[in-house]
Amino acid sequence: MTPQQALALATGDGDERSAVLQAIVAAPDERSTRLLLAMKAEQVKLDPARQLLLIVDEKGQMQDALTGQVLAQPPAALDDVMLNNRLRGELDQALAVLQLFAPATTAERLAAARSLQQDAKIDYLPMLDMALSKEGDAAVRSELTLARAAALSFSPVVEQRLLAAKLLGASRSPATQLLLNQRLAEETDPDVKSALKNSLRSLESTLALGERLGALFTGLSLGSILLLVALGLAITYGLMGVINMAHGELMMIGAYATYLVHLAFRQWLPPSWFDYYLVLALPAAFLAAAAVGALMERLVLRWLYGRPLESLLATWGLSLMLMQTVRSLFGAQNVGVENPAWMSGGWQVLPNLSLPYNRLMIILFAGLVLGGMTLLIKRTRLGLFVRGVTQNRPMASCMGVNTARVDTYAFALGSGIAGLAGCALSQVGNVGPDLGQSYIVDAFMVVVLGGVGQLAGTVYAALGLGMLNKLLEGYVGAVLAKIAVLVFIIIFIQKRPQGIFAVKGRAVEA
């Protein structure tokens with residue numbers, strides 16, 4: 001790049017700048033690449049005589065834009081190089097082309113190839129052909145092929161535009177859909193327009209599949225969260241018939257316990273240990289919520305069994321006390337809990353479908369908690385006592401079961417599971433005093449719909465409501481979807497008051 005080209009790039013009009021950029025892309029070198037990067041970062045200055053271009057680095061040093069020589073006595077007054085939107089876009093595209101040939105990683109070359117698809121030009125065709133001839137990675141070659149097809153779509157030759165229209169149909173990117181719509185609006189040849197329409201239909205069907213799978217995954221994610229929230233409620237409500245309005249606040253306690261562990265790891269332990277703070281946060285959340293739940297049962301709820309209205313009002317009062325306690329200790333503002341590195345990012349299944357790792361981990365965690373609960377209820381002595389008390393409390397007491405102790409253990413267990421739900425929720429959103437209020441109503445709907453005290457019914461109800469809610473949101477919006485789900489539950493309970501799975505018993509004939 002000559003000094004005249006550099007000055008034209010900085011001070012010329014739009015066409016002159018575009019011509020210089022095309023010349024740089026056709027014959028790139030280290031100096032021109034450095035200058036383009038500095039212009040994009042707005043680090044290029046111009047002396048008052050408009051004869052010298054300088055690059056100001058992060059330390060404030062000035063160096064000649066072409067030679068790279070640091071100036072001992074730079075000019076006192078400097079002018080900024082003005083960038084308009086057109087030049088910014090052309091700079092990005094030129095740097096993307098240069099990135100294909102620079103010593104870059106596979107991820108950088110992949111990003112550069114995808115960037116070239118979004119704003120392709122026929123002028124970049126020779127460079128794309130050269131990059132394709134040198135590229136060895138299959139994924140990068142695939143993206144370069146699509147970028148070349150996008151560039152060919154601007155060709156004046158009908159045959160090349162026809163070939164480009166057919167090749168673009170193999171893409172699965174939303175950006176390609178915009179390009180196809182643009183080319184379809186500007187195309188005049190009937191054969192090319194027909195090929196563009198076919199490619200557009202094929203791409204739309206692929207993108208629609210990604211959107212449907214995304215809605216299903218979102219519904220499954222919501223269902224797994226509802227399952228975690230409702231599992232503990234299914235135990236306490238099913239065993240003791242207590243409408244625990246403080247269940248959401250027990251989740252909040254688990255979330256704040258996670259926050260405290262996260263804070264301790266961040267401040268007092270080596271940074272390399274931070275990614276493992278959940279190993280300690282999970283038992284801390286369970287024990288904190290279980291301890292609060294046991295205190296609630298021993299001090300308040302044990303005196304209110306068989307009195308549903310009084311127990312409802314008492315737990316509602318307890319929920320207000322817990323929220324105010326948390327506000328006094330941590331403040332009314334939400335606090336953030338950082339994800340470990342292994343839960344950050346997502347799995348890119350399709351170009352328009354990314355599955356976040358934190359949501360995938362919550363789905364897996366919900367399955368593990370459900371499996372542990374099933375084993376505890378079905379295979380342990382405590383589970384046997386819980387099932388006995390649930391089915392027939394007087395008979396269990398006559399058989400020597402300490403029903404008061406079972407009530408405490410069961411309530412602590414349900415509260416601990418609520419704490420685990422709070423720990424999981426801290427990984428997908430902020431933690432605040434009102435965290436539990438967003439889920440308590442949905443949790444009760446899940447328990448009632450599934451059948452009181454029925455784990456299988458809780459699973460079906462949680463996953464079903466999560467899926468149904470997210471699928472309806474795509475058609476009628478979030479508010480109407482909530483209303484439709486509520487109407488469905490009301491109608492279902494009218495027809496089947498005991499829920500999906502009714503408690504088994506014997507009918508006694510007179």
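Atom set for the values below is all heavy atoms of this structure, side chains included, hydrogens, waters and symmetry mates excluded.
Contact annotation: the side chain of Met251 approaches that of Leu425 to within less than 4.5 Å [non-hydrogen atoms, C-beta and beyond]. You'll find the side chain of Ile225 reaches within 4.5 Å of the side chain of Arg359, heavy atoms only. Contact check for Thr458 versus Leu227: side-chain heavy atoms found under the 4.5 Å cut-off. Residues Leu228 and Phe365 are in side-chain contact: their nearest non-hydrogen atoms beyond the backbone lie under 4.5 Å apart. The shortest distance between side-chain heavy atoms of Val485 and Leu472 falls below 4.5 Å. Looking at heavy atoms from C-beta onward, Met373 lies in side-chain contact with Ile377 at the 4.5 angstrom threshold. In this structure, the side chains of Met467 and Thr218 stay at 4.5 Å or more apart for every pair of heavy atoms. Side chains of Val431 and Asn334 form no contact here, defined as non-hydrogen atoms less than 4.5 Å apart.
Using the six-membered ring where Trp is involved, Tyr259 and Tyr256 have ring planes that are perpendicular, over 60° apart on the 30 and 60° scheme.
In terms of heavy-atom proximity, Phe217 sits nearest to Pro356 at CE2-CD, 3.7 Å. Taking all atoms of both residues into account, the shortest heavy-atom contact from His247 to Gly414 is CE1-O, 4.0 Å. When all heavy atoms of Ala341 and Asp275 are compared, the pair lying nearest together is N-OD1, 3.0 Å. Closest approach of Ala255 and Leu435 over heavy atoms only: CB-CD2, 3.5 Å. Scanning both residues, Val229 and Ala443, for their nearest heavy atoms gives CG1-CB, 3.5 Å. Residues Trp273 and Leu269 share a closest heavy-atom pair of CE3-CD1, 3.9 Å.
A distance-only check finds a donor-acceptor pair linking the side chain of Thr315 to the backbone of Met245 [under 3.5 Å]. With Ser319 contributing its side chain and Trp316 its backbone, the two residues share a donor-acceptor pair below 3.5 Å. Within the 3.5 Å criterion, the main-chain N or O of Gly336 finds no donor-acceptor partner in the side chain of Asn430. Between the side chain of Thr145 and the backbone N or O of Arg141 there is at least one donor-acceptor pair closer than 3.5 Å.
Heavy-atom neighbours of Tyr460 OH from other residues, nucleotides or ligands within 6.0 Å: at or below the threshold of 12. Counting non-hydrogen atoms of neighbouring residues, nucleotides and ligands closer than 6.0 angstrom, the CZ atom of Arg405 reaches no more than 12 such neighbours. Heavy atoms of other residues, nucleotides or ligands lying less than 6.0 angstrom from CZ of Phe330 number more than 12. Within 6.0 Å of CD in Gln348 there are more than 12 heavy atoms belonging to other residues, nucleotides or ligands. The 12-atom threshold is not exceeded at CD of Gln494, counting heavy atoms of other residues, nucleotides or ligands nearer than 6.0 Å. Heavy-atom contacts from other residues, nucleotides or ligands closer than 6.0 Å to CH2 of Trp342 number more than 12.
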Derivation of the salt bridge (charged side-chain N to carboxylate O under 4.0 Å, His left out) call for Asp407 and Arg298: CA-CA 9 Å; Asp407 288 341; Arg298 297 298 292 178; over 6 Å; no
Residue pair Phe411, Asn244: steps toward the side-chain contact (heavy atoms from CB on, under 4.5 Å) verdict: CA-CA 10 Å; Phe411 202 91; Asn244 183 14; 3.6 Å; yes
With side-chain contact (heavy atoms from CB on, under 4.5 Å) as the criterion, how do Val326 and Leu322 come out once you've worked through the C-alpha distance, each side chain's angles and the decisive distance to 0.1 Å? CA-CA 6 Å; Val326 168; Leu322 291 173; 5.7 Å; no
Between Met323 and Gln437, does the side-chain contact (heavy atoms from CB on, under 4.5 Å) criterion hold? Intermediate values first, please. CA-CA 10 Å; Met323 281 193 290; Gln437 298 299 308; 4.0 Å; yes
Walk me through whether Lys470 and Glu473 qualify under salt bridge (charged side-chain N to carboxylate O under 4.0 Å, His left out). CA-CA 5 Å; Lys470 289 301 177 181; Glu473 279 185 12; 3.5 Å; yes
Could you go through Asp442 and Leu465, starting from their C-alpha distance and side-chain angles, then the distance that decides it, and tell me whether this counts as side-chain contact (heavy atoms from CB on, under 4.5 Å)? CA-CA 9 Å; Asp442 290 337; Leu465 289 182; over 6 Å; no
Side-chain polar contacts of residues 276-295 - donor-acceptor pairs under 3.5 angstrom, sequence neighbours left out - could you list them?
residue, atom, partner, partner atom, Å
Tyr277, OH, Glu338, O, 2.5
Tyr277, OH, Gln427, NE2, 3.1

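In this structure, Leu463 CG and Ile363 CD1 are separated by 9.0 Å, a value rounded to the nearest 0.5 Å. Annotation: the span from Leu209 atom CG to Leu353 atom CG amounts to 8.5 Å, rounded to 0.5 Å. Rounding to the nearest 0.5 Å places CG of Leu216 at 12.0 Å from CD of Glu211. To the nearest 0.5 angstrom, Leu233 atom CG is 10.0 Å from Ser415 atom OG. A distance of 11.5 Å separates CZ in Arg307 from CG in Leu301, rounded to the nearest 0.5 Å. Taking SG of Cys423 as the reference point, atom CD1 of Ile417 lies at 13.5 Å (rounded to 0.5 Å).
Judged by the 6.0 Å distance and 45° axis criteria, Arg266 is positioned over the aromatic ring of Phe274.
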